[in-house]
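First comes the structure, then the notes that go with it.
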Amino acid sequence: MLKIITYSLLLLSFATVLAQKPVVKKVPQKSTIEVVSVQSEVKNNGEPTIIELGESPTKSATTPNSGKDFGKEIPLKGTFSFNKKVGFMVNSSEGNMVSYFYLNTRNGYAMQDHKALLELGAMEDDGEVNQIKSPNNDFYQYIKSSEGNYAMKMGSQQSMVIHDMETKELSKIFFKTFKKTGAKVGKTGGNKYPRVEYSGTYEGKKMSIWLSSSQDIVLDTKFTSSLVGFWGLGFIASPSGKTYMITGIEESGVSIFMTYIENSSFSFSGASYKPAGDVMGAGAATRKNEMNAAVKAMYEAAQNEEDPQKRALMMQQIKNAEAMLKDTSVDLEKFEKSSDIADLPSNTQANNPEATAQYYDMMILQIEQAILEHKKQLRSHEASGYSTGITSSTCMIKCTEAERNRLQKLKSNHIKILNDYKNDEEKRDAKVNELLERSGTPTACNCD
């Protein structure tokens, strides 16, 4: 899979969401880049030539100066510094946007501060949000609000070792799969960076990636062959080791173009923000006591139950509850340490077949107990000859058994989806949503 294309597709999806928002900034005329394609014979269908990029051989940097600190992870409460500021514009049928992000070419971290996000129309000017992306595609979110300052992470669940190995291989795949079209753009219409178009198909979608001279950036390919900030813009090293700047991406009616890249000295500190895990941990002891009290009450109720069949169901329900609480406690402790949203129990358990089965089993056991109660009431009404009660209890038994059958079928279909699409998150979530929309609502019992 092409890492640069993967980045681009994710960012283009984000662009579509932003474009649907009512508040968008129109691109000022002075910043508009007119894409002028000049068709020419494609003599070299490998890397861009010096002439195509408009660079001088004597001025081309060759000594690696970027990417050497890629493996150095910065914690949520750490300090982030940036040496480049990258301006860009997004054009789509829904509207145009213009903004910027900061980039550290040494360690690969990128940042869209609150002002940049406001310019995108991504949020209202209420509170303050800053977002940082690590070179490994972990996203850090910093939020200032009337309740306090909080920080959280959304991890990619990928190691830097895998990232470094992938970028080198994916660089080879990119230059092999994506080919020059013969289209190029010089310094025209406000464009600062001559660029060359590469076109290819990814998952049935045709895309164009525009490459330009890397200016003063040379990636150290011992550490990475890709340095990408937000919106897919950044740098890529070819298999020969030469670095190029990604200045444009076009796909499905959406285009993203770099308008400038300049030296900058900008820093951001997370020291004053409280990690979300700390907030969660503050109430952990209270929640644990509440959960233990609930399980104790379930035990007492089971011990006082005279019906052995119902008591057995209650004990099974307690067993399931204890297993769920144990898993939840482990996930909570992990989240308290990482402040990573991916570690929240609601996220880790939602796509876990075993946890999902336990969730459904808890509800089914509750329904089974209700069926026993209705059958007990029916026997009582039959003994007394209470015809209205007999009719109502018979109806409730039939209705509750139908609900049990619905849950059993829903459980089976849900777990099948989780297993079938465990490696395709997007399709898995879509299938689960379709299932719940179709079969997730219980039918009300009208037995009065």
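Every value quoted in this text rests on a predicted model; they were computed, and no experiment measured them. Throughout, numbering of the chain's residues begins at 1 and tracks the sequence.
Salt bridge absent: Glu250 and Arg195 never bring a charged side-chain N and a carboxylate O closer than 4.0 Å. Salt bridge present: Glu403 and Arg406 bring a charged side-chain N and a carboxylate O closer than 4.0 Å. By the 4.0 Å N-to-carboxylate-O rule, Lys319 lies too far from Asp361 to be salt-bridged with it.
When the shell of 6.0 Å around OH of Tyr359 is examined, it contains 12 or fewer heavy atoms from other residues, nucleotides or ligands. Atom CD of Glu426 has 12 or fewer heavy atoms from other residues, nucleotides or ligands within 6.0 Å.
Between Phe82 and Phe80, the two ring planes are parallel [angle under 30°; tilted spans 30° to 60°].
Side-chain contact annotation: Tyr100 with Glu119, donor-acceptor N/O pair under 3.5 Å absent. For the residue pair Ser171 and Ser225, no side-chain donor N or O sits within less than 3.5 Å of a side-chain acceptor on the partner. Side chains of Glu437 and Asn433: no donor on one and acceptor on the other come within 3.5 Å.
Distance alone, capped at 3.5 Å, places no donor-acceptor pair between the Ser226 side chain and the Ile236 backbone. Side-chain atoms of Lys422 never come within 3.5 Å of backbone atoms of Asn352 as a donor-acceptor pair (strictly under, hydrogens ignored). Between the side chain of Thr221 and the main chain of Thr224, no donor-acceptor pair closer than 3.5 Å is present. For the pair Asn191 (side chain) and Gly186 (backbone), a donor-acceptor distance under 3.5 Å is present.
No side-chain heavy atom of Tyr244 sits less than 4.5 Å from a side-chain heavy atom of Ile209. Side-chain atoms of His414 and Tyr360, non-hydrogen and from C-beta on, do get closer than 4.5 Å to each other.
Shown here for Ala151 and Tyr273, the closest heavy-atom pair between the two residues is CB-CB, 3.9 Å. Counting all heavy atoms, side chain and backbone alike, Phe175 lies closest to Ala237 at CE1-O, 4.2 Å.
Ring pair Phe70/Phe223: centre-to-centre distance not below 6.0 Å.
Screening Lys115, Gln112, Lys144, His114 for a side chain to side chain contact (heavy atoms under 4.5 Å, CB included) involving Asn130 leaves a single residue, His114.
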